[in-house]
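Both ligands and their constituent atoms are indexed starting at 1 by order of listing. Just so you know, residue 1 is the first one in the sequence shown, and it goes up from there.
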Amino acid sequence: MKKCVARSLAVISAVMACAFAQQALADAAHPVVALLPGVTDPFYFTMHRGAEKAAKEENVELLFQVPKAWNTTEQVPILKAIIAKHPDVLLVSPVDKQQLIGPLKEAYDAGIKVITVDTYIGDGKYQTGKGDADFPLSYIASDNLEGGRVAARALAKAVGDKGTVYVENTKPGISSTDARADGFIDEMKKHPNVKVLETQYNEDDANKAAAHVAAVLARNPDLAGIFAVNTFSGTGVAQGVKSAGKTGAVKVVVFDAVPGIDRDLKAGVVDIAIAQRPDDIGYYGVKFAADAIRGKKIPTYKGTDFVILDKNNVDQPDIHAHIYSN
Ligand code: T6T
């Protein structure tokens with residue numbers, strides 16, 4: 001009797017192992033990768049194009065669904081719908097470092113490999129065996145802290161290394177924009193004649209950013225410069241500086257390069273734009289996903305480049321090509 005039970009157990013586990021192997025083969029034969037950005041904007045549409053390029057090269061089916069606005073209420077329901085489709089890998093831009101840990105853990109517990117692109121959860125250090133947010137396999141993004149330092153150096157130079165400036169930010173809790181602001185404020189400490197005012201938060205609303213410019217100018221008529229941390233912040237700051245008739249008088253450094261940035265640079269509304277490489281972030285995201293599906297070990301971090309745009313180089317084809325598209 002014991003022999004018979006043991007034999008049937010052996011058969012059952014052999015069948016299951018075979019089923020898993022077949023599933024793995026099926027997964028590898030028809031890998032499915034889902035890309036879940038943070039919001040609808042040119043940065044993520046450009047990321048999607050890079051992901052599509054890699055998906056073709058790797059014969060990967062790419063799912064893509066975009067939240068209308070940057071918040072957990074928009075992103076989490078889409079995440080749950082993606083989990084139900086059970087892709088092999090989820091490429092995701094968590095909209096909050098803490099609040100997306102739980103929902104992403106559900107994907108992981110469902111056997112979906114997680115890679116974060118552009119933003120991260122926890123402290124962004126993965127596969128360390130420490131903490132409750134290290135389960136993603138990799139984090140692919142710009143070095144946002146260094147990006148903030150680059151912005152500070154550029155703005156300090158633009159304002160002649162003296163005067164009053166401030167940071168126009170989105171909302172606290174987002175790994176990318178928090179790091180840009182931190183890098184900026186930290187680097188500006190090396191410029192003692194530049195005074196940094198309180199950071200303003202616009203909830204990714206360009207109109208709020210424009211209103212902030214007017215309000216800060218009303219309190220500080222000698223305002224010399226502004227650092228806008230992302231697309232919506234930059235669009236609003238450009239609007240606000242123009243409507244205040246301060247074009248050229250208030251120096252502006254923006255992160256990201258939205259369609260039309262070339263016009264604002266040449267008009268002197270914006271002095272410097274720091275373009276990320278969202279196409280590369282998407283491309284490497286799918287490449288890493290394909291490797292992970294095939295059982296290859298992937299790096300836990302990959303940094304992507306910046307391109308600095310100004311009025312003198314923005315019309316050069318190799319530079320102009322880095323302006324995001326819708
Ligand atoms: O700046 C990008 C992205 O890097 C950031 O994480 C969120 O804002 C953008 O998408 C621009 O809107």
Side-chain angles (χ1 to χ4, degrees), residues 35-51 64-72 74-75 91-100 115-121 124 139-148 150-151 167-184 199 201-210 227-239 252-261 264 270 272-285 301-309 322-326:
L35 173 58
L36 174 53
V39 68
T40 302
D41 76 13
F43 172 85
Y44 288 113
F45 286 125
T46 307
M47 183 189 287
H48 183 226
R49 251 181 292 290
F64 182 58
Q65 209 174 334
V66 194
K68 286 194 288 306
W70 187 286
N71 58 51
T72 53
E74 286 281 338
Q75 191 177 51
L91 301 178
V92 57
S93 305
V95 294
D96 185 274
K97 287 181 273 192
Q98 295 310 316
Q99 295 174 49
L100 262 292
I115 293 175
T116 66
V117 287
D118 176 45
T119 55
Y120 59 68
I121 50 172
Y139 163 52
I140 306 168
S142 310
D143 177 343
N144 290 296
L145 199 60
E146 179 54 24
V150 169
V167 177
E168 184 62 42
N169 203 333
T170 57
K171 59 175 88 172
I174 306 171
S175 66
S176 54
T177 46
D178 280 353
R180 289 167 203 167
D182 293 348
F184 178 90
T199 295
Y201 290 95
N202 57 58
E203 310 267 321
D204 258 1
D205 180 337
N207 295 323
K208 280 191 184 153
F227 169 42
V229 300
N230 79 332
T231 56
F232 302 95
S233 308
T235 303
V237 163
Q239 259 164 349
V252 175
V253 172
V254 303
F255 221 86
D256 292 315
V258 296
I261 189 68
D264 283 347
V270 172
I272 296 281
I274 302 170
Q276 302 185 72
R277 294 297 310 268
D279 49 338
D280 280 355
I281 297 174
Y283 181 83
Y284 288 113
Y301 172 67
K302 173 151 184 76
T304 51
D305 297 337
F306 304 119
V307 180
I308 308 295
L309 282 61
H322 294 293
I323 296 177
Y324 311 162
S325 48
N326 277 319

For [atom], what is the nearest protein heavy atom, given as residue, atom name and distance?
| atom | result |
| --- | --- |
| atom 10 (O) of ligand 1 | D41 OD2, 2.8 Å |
| atom 7 (C) of ligand 1 | W70 CZ3, 3.7 Å |
| atom 2 (C) of ligand 1 | D256 OD2, 3.4 Å |
| atom 8 (O) of ligand 1 | N230 ND2, 3.1 Å |
| atom 3 (C) of ligand 1 | D118 OD2, 3.2 Å |

Do side-chain atoms of [X] reach the backbone of [Y] as a donor and acceptor pair under 3.5 angstrom?
| X | Y | result |
| --- | --- | --- |
| D143 | G303 | no |
| D305 | Q276 | no |
| S176 | D118 | no |
| Q239 | A210 | no |

Polar atom proximity, T177 to ligand 1 (N or O, under 3.5 Å)
no
Out of all atoms in ligand 1, which are within 4.0 Å of some heavy atom of T119? Include the element for each.
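Atoms satisfying the 4.0 Å criterion: 6 (O).
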Counting from 1, what ligand 1 atoms have a heavy atom of F232 closer than 4.0 Å?
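Numbered from 1, ligand 1 contributes 12 (O).
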Looking at non-hydrogen atoms alone, which of G147, P94, S176 comes nearest to atom 5 (C) of ligand 1?
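It is S176 that holds the nearest heavy atom.
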So do I261 and L309 actually touch side chain to side chain, heavy atoms under 4.5 Å?
yes
Y324 and Y44: aromatic ring centres closer than 6.0 Å?
no
Test item, R180 contacting ligand 1 (heavy atom, 4.0 angstrom)
yes
Heavy atom of F255, distance to ligand 1 below 4.0 Å
no
Under a 3.5 Å cutoff, is there a donor and acceptor pairing between the side chains of N230 and N169?
no
Which one holds for D204 and ligand 1: side chain close, backbone close, both close, or neither close, with close meaning a heavy atom under 4.0 Å?
neither
Using a strict 4.0 Å threshold on nitrogen-to-oxygen distance, state whether K171 and D96 make a salt bridge.
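Here K171 does not pair with D96 in a salt bridge, since their nearest N and O are not under 4.0 Å apart.
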